[in-house]
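In what follows, chains are A, B, ... by sequence order, proteins preceding strands, each numbered from 1.
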There are 4 protein chains.
Amino acid sequence: MARPVRMKGAIERAALELFVERGVDGTSIREIASRAGVTEGALYRHHKSKDDLVRALFFENYHLFAAMIKRVRAAHDGVEDLLPALVEAFFGLYDEDHYVFEFIMLVQHALLDEVKTDEANPVELVSRIVREAIRKRQVPKQDANLTTALLVGLVIQPAVGVRYGRVKRPLVRHAPFVSRACLELLQLGKS
Amino acid sequence: MARPVRMKGAIERAALELFVERGVDGTSIREIASRAGVTEGALYRHHKSKDDLVRALFFENYHLFAAMIKRVRAAHDGVEDLLPALVEAFFGLYDEDHYVFEFIMLVQHALLDEVKTDEANPVELVSRIVREAIRKRQVPKQDANLTTALLVGLVIQPAVGVRYGRVKRPLVRHAPFVSRACLELLQLGKS
Amino acid sequence: MARPVRMKGAIERAALELFVERGVDGTSIREIASRAGVTEGALYRHHKSKDDLVRALFFENYHLFAAMIKRVRAAHDGVEDLLPALVEAFFGLYDEDHYVFEFIMLVQHALLDEVKTDEANPVELVSRIVREAIRKRQVPKQDANLTTALLVGLVIQPAVGVRYGRVKRPLVRHAPFVSRACLELLQLGKS
Amino acid sequence: MARPVRMKGAIERAALELFVERGVDGTSIREIASRAGVTEGALYRHHKSKDDLVRALFFENYHLFAAMIKRVRAAHDGVEDLLPALVEAFFGLYDEDHYVFEFIMLVQHALLDEVKTDEANPVELVSRIVREAIRKRQVPKQDANLTTALLVGLVIQPAVGVRYGRVKRPLVRHAPFVSRACLELLQLGKS
DNA sequence: AATGAATGAGATTTCATTCAT
DNA sequence: AATGAATGAAATCTCATTCAT
């Protein structure tokens with residue numbers, strides 16, 4: 001009847017994948033349990049509601065993400081160095097486990113308020129890099145917020161392209177080109 | 001620009017807004033009826049199911065969208081001319097009614113199969129423009145799929161930025177800069 | 001499939017009876033629906049949760065109760081007159097619909113906070129009668145709170161006795177005796 | 001008075017309190033374990049089911065209760081003597097540990113079948129005293145069942161009053177007055 | 001045509017109990 | 001013996017849809 005084996009990991013992985021594949025609302029607790037190989041109740045030992053599961057999954061992965069970002073930042077100096085390193089890091093993460101990447105993209109809107117100006121917030125991070133580059137005269141004056149949005153678009157959309165089969169895997173192979181596009185963009189005001 | 005979108009009535013408008021605000025699965029018929037100021041039953045006089053409502057909403061707007069795009073294409077020749085015109089058209093649509101724009105983005109994945117190679121499909125449209133420009137030697141040879149993704153990113157992400165308060169309204173005011181970024185990107189292979 | 005007939009009354013009556021018979025926690029939505037002859041969902045058209053149903057049932061009946069009390073109070077003057085009238089009114093209510101009476105007794109503890117010193121609160125009412133009688137020297141000085149508790153005990157416990165088959169129905173037939181007991185109690189300090 | 005109640009341990013105490021505070025059905029095994037500072041599994045080492053825990057708690061306390069009553073009965077003769085002693089015993093028990101008193105009141109209806117005519121059954125006890133007093137002509141002829149209910153009301157309701165903050169603690173201080181009320185009640189038929 | 005009550009299927013959640021560790 | 005994860009059954013609740021009025 002009872003089968004006390006540690007299933008927390010399996011539950012969370014199943015949830016992560018299903019949320020990405022079918023959306024959060026499109027995934028039932030029953031489906032998560034079923035894919036994890038447990039009964040529905042098992043889920044509630046680890047998370048007190050479906051919503052709680054979503055949040056836990058988000059913050060857990062978000063923090064790993066943030067840690068990676070911090071590491072990259074600490075190891076590189078100046079936009080020309082840092083941006084390519086970040087692009088490669090993002091793309092590497094996507095290639096390694098696109099579910100994690102996509103899940104963060106998927107639910108960030110709903111949870112964004114709680115993370116708004118957190119320096120682990122990737123958008124915020126890019127924004128800081130841009131502002132710092134402007135301040136240090138590494139790039140011409142420009143609307144930092146708009147540039148940030150454009151840079152984010154350059155990084156995220158190839159991942160979306162891979163997902164929908166338009167862009168070839170692995171994503172890292174496109175890192176050099178995307179990095180160049182990013183750097184060119186930053187210099188756009190020059191001419 | 002003429003209003004590109006017409007809404008049959010309060011029900012459709014309420015549904016559109018709620019779908020954007022909370023997602024399709026996250027919105028109940030009751031909520032739609034309530035916001036529209038009608039009862040649940042009344043909704044079924046106009047649409048035979050929720051799914052039908054979603055599809056009707058999508059195709060109705062998608063066709064107006066497509067018509068707009070055709071108009072723009074007919075009036076412009078060559079990437080250098082066409083791309084800025086399209087960017088302005090997209091941004092204009094967003095400024096005029098961001099719900100429509102976001103709704104199309106939101107459900108296109110689910111319904112795109114049925115319009116896959118339709119030239120009103122924004123991604124497909126961009127892809128064709130890129131391939132044609134390459135064919136006509138207007139731009140250097142490059143991975144058309146990747147470039148398409150990047151161009152899409154440059155257009156969509158500023159809209160996302162506006163939504164989350166990072167980029168200033170109206171979006172059209174950023175059209176010239178974004179257009180330049182797009183054109184530069186297309187020439188990136190040159191050097 | 002659907003059968004839109006007004007079932008609100010049936011649902012509330014079924015709930016009232018079951019709550020009295022098996023306790024609130026001991027009664028499931030399914031049982032209520034089943035006794036009312038509807039499906040479980042029907043309940044949620046009228047009350048947004050089980051808890052809400054309990055509260056609605058309580059306040060609805062509590063107000064009828066309160067109205068009755070006010071009527072009796074308005075029609076009688078002085079303890080000697082009022083107390084017997086109230087006892088008879090209580091007992092009459094019990095005989096007429098013991099479910100209502102018992103339900104109020106059953107859940108009042110949980111909801112008492114919201115009704116604490118409301119003058120429709122039967123205990124509060126008795127308390128006021130006692131204090132007024134003392135003030136007007138109709139009865140000797142005494143601990144009004146204790147006397148109130150004792151009077152309440154004299155009225156409630158016969159009803160409990162009826163419920164458990166110890167005291168014979170109808171309860172009204174015992175009203176004269178109980179009233180005498182109440183009045184004697186009030187005079188107890190005299191000697 | 002000697003502590004009339006012994007609790008095997010933390011689990012039983014936690015259960016007793018929670019059952020009184022939230023009702024038996026309203027209390028989960030998890031809550032009991034949590035308040036007792038043990039895990040759910042540990043609970044099943046001592047009691048084979050929740051129902052078993054309730055019964056154990058009831059009978060354990062009920063027997064101590066019964067023993068106390070027997071002691072009181074053995075030491076007193078005649079209503080005039082016995083009733084005041086019992087009132088004081090009840091009130092003393094309440095003051096010492098109102099949880100025990102209330103728990104017995106709470107579950108007796110569900111479990112009383114099994115101790116129906118047991119003389120530790122408080123209602124049955126009072127009933128016997130009344131009938132014996134009538135038989136011995138210590139009090140006038142009267143409806144023993146009704147009188148029993150009224151006496152029970154006189155004893156129980158002050159305890160309820162204390163619980164809801166209407167009557168002042170300790171309850172014993174009211175014992176003389178309540179006893180007099182009980183004895184007067186018994187003589188009510190005289191006049 | 002409109003209304004809003006009810007259906008019925010399924011979703012989420014709770015919980016007494018069991019059992020591998 | 002203790003722990004706490006998992007079971008399985010049942011409870012509460014949701015919601016697209018139907019239909020009597």
Quiz item: Which is true for D:Ser34 with a 4.0 Å heavy-atom rule: it touches a base, it touches only sugar-phosphate, or it touches nothing?
Solution: nothing
Quiz item: Nearest to the side chain of B:Ser28, which nucleotide is it out of F:dT7, F:dC15, E:dC15?
Solution: F:dC15
Quiz item: Atom CG of C:Leu53 and atom P of F:dC13: how far apart are they, to the nearest Å?
Solution: 10 Å
Quiz item: Any side-chain N or O of A:His46 under 4.0 Å from OP1/OP2 of F:dG4?
Solution: no
Self-check item: Spacing between C:Asp25 atom CG and E:dT13 atom P, to the nearest angstrom
Solution: 20 Å
Exercise. Please state how far atom CG in D:Leu43 lies from atom P in F:dG4, giving the value in whole angstrom units.
Key: 14 Å
Quiz prompt | Ion pair A:Arg35/A:Glu31, N-O distance below 4.0 Å | solution = no
Quiz prompt | Whole-Å distance separating the CG atom of C:Asp52 from the P atom of F:dT14 | solution = 11 Å
Exercise. Return the value, rounded to whole Å, for the distance between atom CD of B:Glu31 and atom C1' of F:dA16.
Key: 13 Å
Practice problem: Counting heavy atoms from C-beta on, name the nucleotide in F:dA16, E:dG4, E:dT17 closest to the side chain of C:Arg45. | Solution: E:dG4
Quiz prompt | Among F:dA16, F:dT7, F:dA6, the nucleotide that comes nearest once only the side chain of A:Thr39 is considered | solution = F:dT7
Exercise. Can you label the angle between the C:Phe101 ring and the C:Tyr94 ring as parallel, tilted or perpendicular, going by 30° and 60°?
Key: perpendicular
Quiz item: Using purine N1 to pyrimidine N3 plus N6-O4 or O6-N4 for Watson-Crick, or N1-O2 and O6-N3 for G-U wobble, both under 3.5 Å, which nucleotide pairs with F:dA9?
Solution: E:dT14
Practice problem: Go through the side-chain N and O atoms of D:His46 and D:Glu12 and say whether any donor and acceptor fall under 3.5 Å apart. | Solution: no
Quiz prompt | For atom CE of A:Met7 and atom P of E:dT21, their distance in whole Å | solution = 12 Å
Practice problem: Grab the two heavy atoms, one from C:Leu57 and one from C:Ala15, that are nearest each other, plus how far apart they are. | Solution: CD2-CB, 3.8 Å
Quiz item: Closest nucleotide of DNA chain F for C:Ser49 versus for A:Gly41: which of these residues is on the 5' side?
Solution: A:Gly41
Quiz item: Of A:Thr27 and A:Ala42, whose nearest nucleotide on DNA chain E comes first from the 5' end?
Solution: A:Thr27
Practice problem: Just compare E:dA16, F:dA6, F:dT17 and give me whichever is closest to any side-chain atom of D:Tyr44. | Solution: E:dA16
Practice problem: Round to the nearest Å and state the distance from D:Ile32 atom CD1 to F:dT3 atom P. | Solution: 16 Å
Exercise. Under a 3.5 Å limit for both distances, which nucleotide forms a Watson-Crick or G-U wobble pair with F:dA20, could you say?
Key: E:dT3
Quiz item: How is C:Ile29 classified with respect to the nucleic acid when contacts are heavy atoms under 4.0 Å: base, sugar-phosphate, or nothing?
Solution: sugar-phosphate
Quiz prompt | B:Glu40 side-chain proximity, nearest of F:dA11, F:dT17, E:dA16 | solution = F:dT17
Quiz prompt | Whichever of D:Val38 and B:Val24 has its nearest DNA chain F nucleotide further upstream toward 5' | solution = D:Val38
Practice problem: Please name the pair of heavy atoms, one in C:Val24 and one in C:Phe19, separated by the smallest distance, quoted to 0.1 Å. | Solution: CA-CD2, 3.7 Å
Practice problem: Output the distance between atom CZ (D:Arg13) and atom CD1 (D:Ile32), rounded to the nearest 0.5 Å. | Solution: 13.5 Å
Practice problem: Give the rounded distance in Å between these two atoms: CZ of A:Arg30 and P of F:dT7. | Solution: 14 Å
